[in-house]
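Since the structure comes first, as structure tokens, the remarks are kept for the end.
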Amino acid sequence: MKHSVNRPPTPDAAEDQGKEPTLQEIINIKLIESGEKERLMELLRERLIDCGWKDEMKAICRAYIKKKGRNNVTVDDLVHLITPKGRASVPDNVKADLLQRIRTFLMSAAL
Amino acid sequence: MSVPNEDNTQLSSHFYGDLLDSIIVDVASECHRIAKLGLDHNLEEEEEEMRLSAQARARVTDPSNSGETNNKYVVDIFGQTHPSIASEIFECMNCGRSISAGRFAPHLEKCMGKGRKARLKVTRSTTSAQNRYSRGSPVSTYSPFSNPTSTHILSNGTPSVAGEEYSNGTYEGP
């Protein structure tokens, strides 16, 4: 057979099927398909607005933008800016509530 | 098969982190958008305030300002100016004339109130006049007096016209 073209070998279909989806992936799919992920996200969003967390983050962003000039800022900059502070400043009860709900879902979706 | 506890906790934390990250990205994206589109008027706040306060100070200390009521171009807290005499023109609901807003009060005095000619118009049986609202005047529903055109006609005292009006008089008063 002429090997006029250098091609990597076609991925073996059988090999692919051998990869089991991880538990995480399975649960993720269940979360999304049942609509629970969206519900949880909206709940968390609402809680974070109510407790002033969103305003805090927005203030941090605005201060940064003011300093840097609004045309010199990327979304990425802002994400990296508020991620550490953001994760740390979620009120404990909000975090606990969300974790509880997720755990409940995990148990009800017991595999 | 039940998921062991530690895994459960770890998984929950993983998904919680996932949700939080999405929300953080949303907030960052929103702030970025507002900044780029220039929708945040407070962004240049300090400079703007310094400029406005300097302006206000200049205006206050300006000797040519004799007082707010006299100055036609005084600016209110929203930055709007009002001419001291209102110049909008609209229709008087009583007589139907076009009146300038600044002259409306004195006009109404004459049109509705104390004047000799005004009294004549009104006297002509107001109750029957009130039955003749119809005639398509949109203002007639809230005007305390009846349709202006009909009162005009009434003041001329032409009985035939009055008779015509009556045939339409099924219209209800307010």
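Labels below follow one simple rule: chain letters A, B, ... track the order of the sequence lines, proteins then strands, and each chain is numbered from 1.
- Using a 4.5 Å cut-off between heavy atoms, A:Arg87 touches chain B through backbone and side chain atoms alike.
- Among A:Lys58, A:Arg45, A:Arg62, the one residue that satisfies the salt bridge (Lys or Arg N to Asp or Glu O under 4.0 Å) test with B:Glu30 is A:Lys58.
- Atom CG of B:Leu11 and atom CG of A:Leu23 lie 5.5 Å apart (nearest 0.5 Å).
- Counted within 6.0 Å of CG on A:Asn71, heavy atoms from surrounding residues, nucleotides or ligands total more than 12; the atom is thus considered enclosed.
- B:Met112 and B:Ile99 fall within a single hydrophobic cluster, where Ile, Leu, Val, Met, Phe, Trp and Tyr side chains are chained together by heavy-atom contacts under 4.5 Å.
- More than 12 heavy atoms of other residues, nucleotides or ligands sit less than 6.0 Å from atom CD of B:Gln55.
- In A:Lys68, the NZ atom is not crowded: 12 or fewer heavy atoms of neighbouring residues, nucleotides or ligands sit closer than 6.0 Å.
- A:Trp53 and A:Val79 end up in different hydrophobic clusters when Ile, Leu, Val, Met, Phe, Trp and Tyr side chains are linked at under 4.5 Å.
- Atom CG in A:Leu44 sits 3.5 Å away from atom CD1 in B:Ile23 (nearest 0.5 Å).
- When hydrophobic clusters are built by joining Ile, Leu, Val, Met, Phe, Trp and Tyr residues whose side-chain heavy atoms come closer than 4.5 Å, directly or via intermediates, B:Val25 is not grouped with A:Val73.
- Proximity of A:Gln24 to B:His14: side-chain heavy atoms (C-beta onward) are separated by under 4.5 Å at one or more points.
- Taking the side chain as every heavy atom from C-beta outward, B:Leu19 and A:Lys37 approach each other to under 4.5 Å.
- Within the model, atoms NZ of A:Lys95 and OG of B:Ser12 stand 11.0 Å from one another, a figure rounded to the nearest 0.5 Å.
- Separating the CD1 atom in A:Ile102 from the OH atom in B:Tyr16 is a distance of 8.5 Å, to the nearest 0.5 Å.
- For the pair B:His32 (side chain) and A:Leu78 (backbone), a donor-acceptor distance under 3.5 Å is absent.
- Of all the listed residues (A:Thr74, A:Ile60, A:Leu40), the one sharing the greatest number of non-hydrogen pairs under 4.5 Å with chain B is A:Thr74.
- Under the 4.5 Å side-chain criterion, counting only non-hydrogen atoms from C-beta, A:Met57 is not in contact with B:Ile24.
- For A:Leu81, no part lies near chain B; criterion is any non-hydrogen pair under 4.5 Å.
- There is no path of hydrophobic side-chain contacts, each under 4.5 Å, that joins B:Ile34 to A:Ile65.
- Looking at every heavy atom in both residues, A:Val75 comes nearest to B:Ala28 through O-CB, 4.3 Å.
- Put simply, OG on B:Ser13 and CZ on A:Arg103 are 7.5 Å apart, with the number rounded to the nearest 0.5 Å.
- Top candidate by heavy-atom pairs under 4.5 Å with chain B, chosen from A:Leu98, A:Asp77, A:Leu48, A:Asn28, is A:Asn28.
- Tracing side-chain contacts under 4.5 Å through hydrophobic residues (I, L, V, M, F, W, Y), one reaches A:Met41 starting from B:Val27; they form part of the same cluster.
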